[in-house]
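Proteins get letters first, then strands, A, B, ... in listed order; numbering begins at 1 in each.
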Amino acid sequence: MKKLMSGNAALGEAAVLSGCTCYFGYPITPQNELTEYMAKRMGELGRVFIQSESEIAAINMVLGASVAGARAMTSSSSPGMSLKQEGISYLAADELPAVIVDMVRGGPGMGNISPAQSDYLQATRGGGHGDYKTIVLAPGSVQELTDVVPLAFDLADKYRNPVVILGDGMLGQMMEPVSFDDIKPPKEYPKDYILTGAKGRPARMVRSLLFDTKEEEEHNWKLVRKYQRMESSEVRYETYLTDDAEMIVVAYGIGARIVRGAIKRLRQENLKVGMIRPITVWPFPAAAIQEMAKTVHDFFVFEMCAGQMIEDVRLALAGKGHIHFYGRPGGIIPTPIELYRIIARHYYTAARRKK
Amino acid sequence: MKKAYVKPKTLKEAHFHYCPGCGHGIINRLLMEVIDEMGLREKAICVAPAGCGMLLYNYFDIDTLESAHGRGAAVATGIKRVRPDNLVFSYQGDGDLAAIGTAEGFHAANRGEPISIIFVNNGVYGMTGGQMAPTTLKQQVTTTTPLGRNPILAGHPVRICEVFSMLDGTSYLERVAVNKPAAVIKTKKAIKKAFQCQLDGKGFSLVEILSPCPTNWKMGTIEACRWIDEVMAKQFPIGVVKEIS
Amino acid sequence: MTTKTIFSGFGGQGVLSMGFTLANAAMLEGKYVTYLPSYGVEVRGGTANCTVVVSDEEIASPVASEPEFVVAMNQPSFARFQSILQSGGLLCVNASLVNTASARSDIEVLAIPTSELAEKLGTIKVANMIMLGALIKASSIISFDAMIKNLAELLGEGRSKLIKLNREALETGFNYVKE
Ligand SMILES: Cc1ncc(C[n+]2csc(CCOP(=O)(O)OP(=O)(O)O)c2C)c(N)n1
Ligand code: SF4
């Protein structure tokens with residue numbers, strides 16, 4: 001059965017159904033409805049909810065809950081994500097699972113509360129200090145937002161690593177029909193690392209401090225190997241009308257939806273434009289883009305920021321092809337018609353250049 | 001012959017990395033004695049700080065997590081909420097709890113989280129080389145107050161127990177010291193009481209321990225112990241600050 | 001077909017619930033739908049608005065830069081949103097509060113005296129549902145009959161008095177609009 005729900009609330013319900021037993025958060029627009037939803041639902045279910053004193057406290061409560069064996073989640077928006085970075089680095093170093101939601105808003109600084117995609121580099125490059133990565137899921141509709149929640153918890157447990165859900169203000173605020181029918185009861189993951197009191201077993205320690213440089217190096221290589229496994233197994237993306245495309249748009253999240261609307265119009269005029277939409281922005285579908293570059297010369301990157309994912313596209317293409325770019329920083333979302341006009345202009349310029 | 005001292009079972013066979021005359025070693029041993037005597041080895045979960053106490057897991061044979069600097073109380077909150085039947089305590093220095101982690105400590109206390117904080121007040125940042133801590137005394141010389149702490153520029157020494165005593169969520173707060181045998185015995189009692197307070201579900205407990213750091217105080221070990229009584233305890237009076245029965 | 005509607009007015013006029021009810025009804029009819037409320041600082045100062053997109057196919061953007069329909073329940077909303085209405089679009093105004101003398105000449109204006117009609121039903125609270133009924137008649141975004149059939153689900157089961165009142169309000173608005 002479908003229900004009309006906001007992205008924030010739907011995410012909350014999906015987390016509840018995915019076996020999230022602890023939620024910690026600090027208010028910030030545009031994700032407050034998620035914190036409020038969790039306050040209500042976790043209370044009803046007798047699970048743990050704390051409105052923390054800061055985002056720093058929230059992420060550390062998540063770390064505590066995780067090391068104690070629970071499925072834990074926190075959520076915030078851009079300025080709060082900056083504060084969480086310390087904790088995320090520790091989670092990664094300690095190899096602890098956690099799900100962290102960022103409903104991105106315009107920045108830098110206080111910015112505004114309008115939807116944006118300007119936390120891309122922070123999310124996909126680790127974001128805090130040290131050599132680490134987090135899997136970053138970037139859904140584009142309320143239903144997909146709901147679908148990635150159980151996945152996020154599973155990936156976090158599978159790899160013992162923090163997983164970020166990268167949304168934006170609009171995805172959090174907008175309501176769409178959503179169904180939870182596909183969420184299965186949470187899987188059990190054996191957790192031989194958690195702290196429960198050393199009952200009938202040797203004491204355990206969970207730490208990230210490794211004074212011994214050799215040990216630290218070994219630990220870091222171990223993490224790197226884990227990230228490589230993620231890169232080979234966890235890339236997720238969707239393609240749209242790429243088979244005969246002469247220009248391929250790269251866009252994600254809400255941005256990709258608007259591109260889709262634009263492409264429909266472009267196709268009505270026989271402009272052969274397709275799209276690749278990364279669902280994991282880390283690991284990034286670089287191989288898929290490389291493959292496309294064998295037959296397609298023009299790639300068009302659209303982002304609701306001044307240009308961050310374009311770096312990944314550049315790395316993927318490694319000098320091949322031609323990259324076009326259109327970005328809207330600051331919380332402005334272009335309409336499908338605007339985008340249609342801009343892509344068409346680039347398409348014609350590229351066609352002339354080819355002749 | 002009667003043995004005067006036996007190493008607590010839960011203290012690992014390892015050499016402390018602390019400097020000679022440091023209070024941390026005494027406090028570590030006391031904690032494990034209390035854990036043994038109360039039979040809590042299989043129940044206890046410790047949150048270690050950033051600071052000279054950060055290698056606790058090398059000494060404690062109990063489940064231990066090393067947290068980020070100052071976040072001990074938040075991490076302990078997360079653990080305790082998931083495992084209410086465990087004994088959860090954080091071990092924090094004065095930089096850790098009274099500077100970078102004040103918010104986390106204050107709010108855990110205010111929520112009345114049933115955790116215990118072992119708060120080691122040595123008046124300086126030991127680990128990083130003796131800089132000023134929020135607890136540094138007026139006129140005290142540190143590496144970042146070379147002319148002595150000037151309260152007009154650098155503020156006043158913070159009395160955490162008294163501050164926390166104003167919070168309705170706190171149940172047991174006591175200040176003790178480890179500078180002489182009688183004080184050590186009292187410290188052990190205070191730790192026991194704090195743990196019992198948690199086990200009885202009475203709420204938040206904290207033991208503030210005045211602890212010598214001869215290295216950064218630039219004193220001999222005996223002189224440092226004397227200094228606690230003669231100078232430090234004037235600013236930080238020893239005794240129970242709050243106890244709710 | 002895709003239609004975009006902006007509902008606007010004072011906070012407390014039931015503007016968001018008007019949009020939510022339309023979106024919900026469209027969903028129950030099996031259509032694609034998005035509902036986007038104004039949020040944060042935009043809501044300060046007592047005005048509220050939301051955008052509802054209803055379509056037979058996947059919806060690209062939940063934002064309506066050039067909506068086909070605008071509902072304006074007060075004067076400031078009338079001034080703000082009539083300017084973005086599509087040429088040839090329909091502006092439904094709350095005639096009890098809005099003076100439409102300055103309306104654009106390339107749009108259609110439908111004036112509904114919602115307060116007066118609501119008072120006849122005994123409560124001003126249903127003014128928004130009267131407006132929604134009128135909008136549905138004039139726009140055919142969704143099927144009115146299907147909506148009435150789904151009313152219990154839309155408003156929450158077991159509140160028969162409330163359902164009856166809302167049904168009357170929707171019908172009043174619907175019938176007020178001539179073919
Ligand atoms: C975010 C962060 N800032 C700074 C440090 C460096 N640091 C480690 S321990 C410490 C101070 C420790 O002092 P205190 O808490 O008083 O404990 P002590 O060493 O005196 O026992 C600092 C500043 C750190 N680890 N993390
Ligand atoms: S620096 Fe001070 S606190 Fe640290 S181990 Fe040495 S004496 Fe102890």
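- Between chain B and the residues A:Ala65, A:Pro202, A:Gly200, the most heavy-atom pairs under 4.5 angstrom are made by A:Ala65.
- When each of A:Ser52, A:Ser54, A:Ser208, A:Ser89 is scored by its heavy-atom pairs under 4.5 Å with chain B, the top score falls to A:Ser208.
- Within 6.0 Å of NZ in B:Lys189 there are 12 or fewer heavy atoms belonging to other residues, nucleotides or ligands.
- Counting non-hydrogen atoms of other residues, nucleotides and ligands closer than 6.0 Å to CG of A:Asp212 gives a total above 12.
- For chain A, the option among B:Phe60, B:Phe106, B:Tyr57 with the highest count of heavy-atom pairs below 4.5 Å is B:Tyr57.
- Residue contact with chain A, scored on non-hydrogen atoms closer than 4.5 Å, involves the backbone of B:Ser67 exclusively.
- Within 6.0 Å of the CD atom in A:Glu44, the count of heavy atoms belonging to other residues, nucleotides or ligands exceeds 12.
- Under the 4.0 Å criterion applied to side-chain N and carboxylate O atoms, A:Glu86 and B:Arg71 are assigned as salt-bridge partners.
- Only the side chain of B:Leu55 has a heavy atom closer than 4.5 Å to any heavy atom of chain A.
- Ranked by heavy-atom pairs under 4.5 Å with chain B, the first of A:Ala68, A:Ser66, A:Cys22 is A:Ala68.
- In this structure, chain B has a heavy atom under 4.5 Å from the backbone of A:Phe49, while its side chain stays farther away.
- Ion pairing of A:Lys199 with B:Asp63 is absent here, as no side-chain N (NZ or NE/NH1/NH2) approaches a carboxylate O to less than 4.0 Å.
- For the pair A:Arg207 and B:Leu65, the minimum side-chain heavy-atom distance is 4.5 Å or more.
- In this structure, chain A has a heavy atom under 4.5 Å from the backbone of B:Ile62, while its side chain stays farther away.
- With chain B as the partner, the residue from A:Phe211, A:Tyr90, A:Phe24 showing the most heavy-atom pairs under 4.5 Å is A:Tyr90.
- With hydrogens and angles ignored, the 3.5 Å screen pairs a side-chain donor or acceptor of B:Asn86 with a backbone N or O of A:Thr196.
- More than 12 heavy atoms of other residues, nucleotides or ligands lie within 6.0 Å of NZ in B:Lys7, so this atom counts as buried by the packing criterion.
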Step-by-step side chain to side chain contact (heavy atoms under 4.5 Å, CB included) determination, A:Ile50 to B:Arg111: CA-CA 10 Å; A:Ile50 297 180; B:Arg111 286 190 303 267; 4.1 Å; yes

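- The closest donor-acceptor contact from the side chain of B:Arg41 to the backbone of A:Ala198 lies under 3.5 Å.
- Remark: the backbone N or O of A:Val206 is not paired with any side-chain donor or acceptor of B:Glu66 at under 3.5 angstrom.
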CA sep, side-chain torsions, deciding dist, call: B:Val82, A:Thr21, side chain to side chain contact (heavy atoms under 4.5 Å, CB included): CA-CA 8 Å; B:Val82 176; A:Thr21 54; 5.7 Å; no

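- When side chains are defined from C-beta on, B:Thr77 does not count as touching A:Asn60, because their heavy atoms never get closer than 4.5 Å.
- Contact of A:Arg47 with chain B is not made at all, since no heavy-atom distance falls under 4.5 Å.
- Contacts of B:Ala68 with chain A are made by both backbone and side-chain atoms, with heavy-atom separations under 4.5 Å.
- Atom CG in B:Asp61 sits 11.0 Å away from atom CE in A:Met205 (nearest 0.5 Å).
- Contact between A:Ala57 and B:Ala74 at its shortest, heavy atoms only, is O-CB, 3.7 Å.
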Side chain to side chain contact (heavy atoms under 4.5 Å, CB included) evaluation trace for B:Thr64 with A:Leu195: CA-CA 7 Å; B:Thr64 303; A:Leu195 305 186; 5.7 Å; no

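- In this structure, A:Glu215 places its CD atom where more than 12 heavy-atom neighbours from other residues, nucleotides or ligands lie under 6.0 Å away.
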Derivation and outcome, side chain to side chain contact (heavy atoms under 4.5 Å, CB included), residues A:Leu209 and B:Met54: CA-CA 9 Å; A:Leu209 173 73; B:Met54 86 199 305; 3.5 Å; yes

